[in-house]
Trainee: 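The structure is given below, and queries will be raised subsequently.
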Amino acid sequence: MSGYIGRSAKALRENAIKIYNAEFMNRQCEHVVASVSKKEDLNRWLRGSDSDIGGFSDAWLDITRAGHAKFHGYLSQKLPEDTRFKRSGYAMVRTRDPLVTLLSTDYWDSSLFRFLAVRVKADCRKYFVNLKSDALIPTDIYQHLLPIRTPGKWETIVIPFNAFTLTSNSVIVASQPRMASTKMETVGFSISDRQDGPFCLEFAWIKAFNSNWTHGETPRMPYSQDRTWKCDFAEMDKAF
């Protein structure tokens, strides 16, 4: 109870400061959704795999000597003894659910930004970036393939928020409603590429950001045939 009251008092102070400084009127260039630089930062993350339902995959989340998160383990397609399960072989890691205070829940707002950027170093396997917003169905997850261009090397990957696809239990939902972008809960990575063997994905941070040409879902300036958001980010990528 004391922790709940303390979080509520802190949220009240922070919101009062924002209103006093009129921060809600300022355009934000970026927001750090999650980052890892020391071992204590891993306490904000959860990991899981099919071993939670009797499968044989392993998933681990460690800190490297350089201070980055290392999501690694071994995928096994071997089915659990429970005959209700027809597929196996997956692993995931995600941020913890947002804290609840007396005033509100500690969501983050993706509607203020156009893109999600992740700083990663991965192997040649297929990974997904996962976003969860407030929803009636707990299994609803917005996913996008993590397009690794340089396996084994650090790279910054950018994905527009409107490119994510709604899935439920890894199946694409036909209706595709828009995510509740003002009530974003968690972000993470997963792997389920139907291949037995080890996997390894390192990551440093995950950010929501605007380019110089965007303000959330609204362009500040129209793109042209010669200039797209990909050209815009090609210049920004040098700063990451």
Trainee: Tell me, with the steps shown, if E185 and D134 meet side-chain contact (heavy atoms from CB on, under 4.5 Å).
Mentor: CA-CA 7 Å; E185 295 182 345; D134 183 42; 3.6 Å; yes

Trainee: Ignoring hydrogens and angles, tell me if any N or O in the side chain of D50 forms a donor-acceptor pair with the backbone of S88 under 3.5 Å.
Mentor: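 Between the backbone of S88 and the side chain of D50 there is no qualifying donor-acceptor contact (under 3.5 Å).
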
Trainee: Using a 3.5 Å distance criterion without hydrogens, assess whether the side chain of R94 forms a donor-acceptor pair with backbone atoms of K132.
Mentor: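 It does not hold such a pair.
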
Trainee: Is it the case that the side chain of T186 and the backbone of D97 share a donor-acceptor pair, with hydrogens and angles ignored and the cut-off at 3.5 Å?
Mentor: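 Pair absent, no side-chain N/O of T186 close to backbone of D97.
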
Trainee: One pair to check against side-chain contact (heavy atoms from CB on, under 4.5 Å): L201 and F199. What are the steps and the verdict?
Mentor: CA-CA 7 Å; L201 170 73; F199 66 89; 5.7 Å; no

Trainee: For residues R119 and K207, determine if any side-chain heavy atom of one lies less than 4.5 Å from a side-chain heavy atom of the other.
Mentor: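 Of all side-chain heavy-atom pairs linking K207 with R119, none is under 4.5 Å.
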
Trainee: Distance from Q143 atom CD to S192 atom OG, nearest 0.5 Å?
Mentor: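 Result: 7.0 Å between the selected atoms.
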
Trainee: Might you work through the side chain to side chain donor-acceptor pair (under 3.5 Å) test for S111 and T182, ending with a clear yes or no?
Mentor: CA-CA 6 Å; S111 70; T182 60; over 6 Å; no

Trainee: Grouping I, L, V, M, F, W and Y whenever their side-chain heavy atoms are under 4.5 Å apart, do I191 and W45 come out in a common cluster?
Mentor: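 In one cluster with I191: W45, yes.
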
Trainee: Specify the closest pair of heavy atoms between C200 and Y127, including all atoms of both residues, with the distance to one decimal.
Mentor: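 What the structure gives for the nearest pair is N-OH, 3.1 Å.
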
Trainee: Got a second to check how far M184's CE is from L116's CG, nearest 0.5 Å?
Mentor: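 If we round to the nearest 0.5 Å, M184:CE and L116:CG are 8.5 Å apart.
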
Trainee: With sequence neighbours excluded, what pairs up with F164 under the ring-ring contact (aromatic ring centres under 6.0 Å, His included) test?
Mentor: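 By the ring-ring contact (aromatic ring centres under 6.0 Å, His included) rule, F164 matches H144.
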
Trainee: Please answer whether the main-chain N or O of R149 pairs with a side-chain N or O of E155 as donor and acceptor at a distance below 3.5 Å.
Mentor: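 Flag set: sc E155 to bb R149 pair under 3.5 Å.
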
Trainee: side-chain contact (heavy atoms from CB on, under 4.5 Å), that's the test. Do F56 and D196 meet it? Break it down for me.
Mentor: CA-CA 10 Å; F56 299 90; D196 288 348; over 6 Å; no

Trainee: Report the residue from E30, R114, H31 that forms a side-chain contact (heavy atoms from CB on, under 4.5 Å) with N210.
Mentor: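 Running side-chain contact (heavy atoms from CB on, under 4.5 Å) over E30, R114, H31 with N210 returns exactly one hit, R114.
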
Trainee: Judged by atom type as modelled, is there a donor-acceptor pair below 3.5 Å linking the side chain of S133 to the main-chain atoms of S181?
Mentor: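 Here the side-chain-to-backbone pair does not exist.
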
Trainee: Is there a salt bridge (charged side-chain N to carboxylate O under 4.0 Å, His left out) between D123 and R125? Walk through the geometry before answering.
Mentor: CA-CA 6 Å; D123 52 25; R125 302 194 65 163; 5.6 Å; no

Trainee: Determine whether the aromatic ring centres of residues F209 and F113 are separated by less than 6.0 angstrom.
Mentor: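 Ring centroids of F113 and F209 are no less than 6.0 Å from each other.
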
Trainee: Is there a donor-acceptor pair closer than 3.5 Å between any side-chain N or O of R96 and the backbone N or O of N43?
Mentor: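 Indeed, once roles are kept as given, a pair shorter than 3.5 Å links the two residues.
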
Trainee: Identify the two heavy atoms, one from G48 and one from D52, that lie closest to each other, and give their separation to 0.1 Å.
Mentor: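 Nearest heavy atoms, G48 then D52: CA-OD2, 3.5 Å.
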
Trainee: Do any side-chain atoms of residues 69-81 form donor-acceptor pairs under 3.5 angstrom with protein atoms, and if so which ones, sequence neighbours left out?
Mentor:
unit_1: H72; atom_1: NE2; unit_2: D62; atom_2: OD2; d: 2.5
unit_1: S76; atom_1: OG; unit_2: K78; atom_2: N; d: 3.3

Trainee: What are the two closest heavy atoms between A208 and F161, and how far apart are they?
Mentor: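 Distance-wise, the nearest heavy atoms are CB-CZ, 3.9 Å.
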
Trainee: Out of curiosity, does L61 fall in the hydrophobic cluster containing I206 (side-chain heavy atoms, cut-off under 4.5 Å, transitive links)?
Mentor: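 Same cluster.
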
Trainee: Counting N and O atoms only, with roles assigned by atom type, does the side chain of N169 sit under 3.5 Å from a partner on the main chain of V171, one being a donor and the other an acceptor?
Mentor: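 Such a contact is absent between N169 side chain and V171 backbone.
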
Trainee: Cluster question for you: counting only ILVMFWY and a side-chain heavy-atom cut-off of under 4.5 Å, with indirect links fine, are L42 and V33 together?
Mentor: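 Looking at the clustering, V33 is in the same group as L42.
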
Trainee: So, for V187 and A34, which heavy atoms are closest and what is the spacing to 0.1 Å?
Mentor: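 Where V187 meets A34 most closely, the heavy atoms are CG1-CB, 4.5 Å.
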
Trainee: Would you say D82 and I53 make side-chain contact, with heavy atoms under 4.5 Å?
Mentor: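 Not touching, per the 4.5 Å side-chain cut-off.
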
Trainee: Enter the distance from K126:NZ to L145:CG here, rounded to the nearest 0.5 Å.
Mentor: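 The NZ atom of K126 sits 6.5 Å away from the CG atom of L145.
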
Trainee: Do F189 and V129 have side-chain heavy atoms sitting under 4.5 Å apart?
Mentor: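 F189 reaches V129 side chain to side chain.
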
Trainee: If you define the side chain from C-beta out and look only at heavy atoms, does anything of T165 sit under 4.5 Å from Q176?
Mentor: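 Result yes, sub-4.5 Å side-chain heavy-atom pair found.
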
Trainee: State the CZ-CG distance between F115 and N162, to the nearest 0.5 angstrom.
Mentor: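 Interatomic distance, F115 CZ to N162 CG, rounded to 0.5 Å: 8.5 Å.
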
Trainee: Between H68 and A204, which heavy-atom pair has the shortest distance, and what is it?
Mentor: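 Scanning both residues completely, I find the closest heavy atoms to be CD2-CB, 3.7 Å.
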
Trainee: Are Y107 and L131 linked, directly or through other ILVMFWY residues, by side chains that come within less than 4.5 angstrom of each other?
Mentor: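 No, because Y107 and L131 fall into different hydrophobic clusters, even though each may have its own neighbours under 4.5 Å.
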
Trainee: Determine, stepwise, if the pair M179 / L166 fulfils side-chain contact (heavy atoms from CB on, under 4.5 Å).
Mentor: CA-CA 8 Å; M179 70 174 73; L166 177 61; over 6 Å; no

Trainee: Excluding sequence neighbours, so at least two apart, what forms ring-ring contact (aromatic ring centres under 6.0 Å, His included) with W108?
Mentor: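 In terms of ring-ring contact (aromatic ring centres under 6.0 Å, His included), with neighbours along the sequence ignored, W108 is linked to no residue.
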
Trainee: When you group the ILVMFWY residues by side-chain heavy-atom contacts below 4.5 Å and let the links chain together, are I63 and V118 in the same group?
Mentor: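 Result: yes, single cluster for both.
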
Trainee: Got M92 and F128 here, is their nearest side-chain heavy-atom distance under 4.5 Å?
Mentor: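 Not touching, per the 4.5 Å side-chain cut-off.
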
Trainee: What pair of heavy atoms forms the shortest contact from A122 to I148, and how long is it?
Mentor: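 Shortest heavy-atom contact: CB-CD1, 3.7 Å.
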
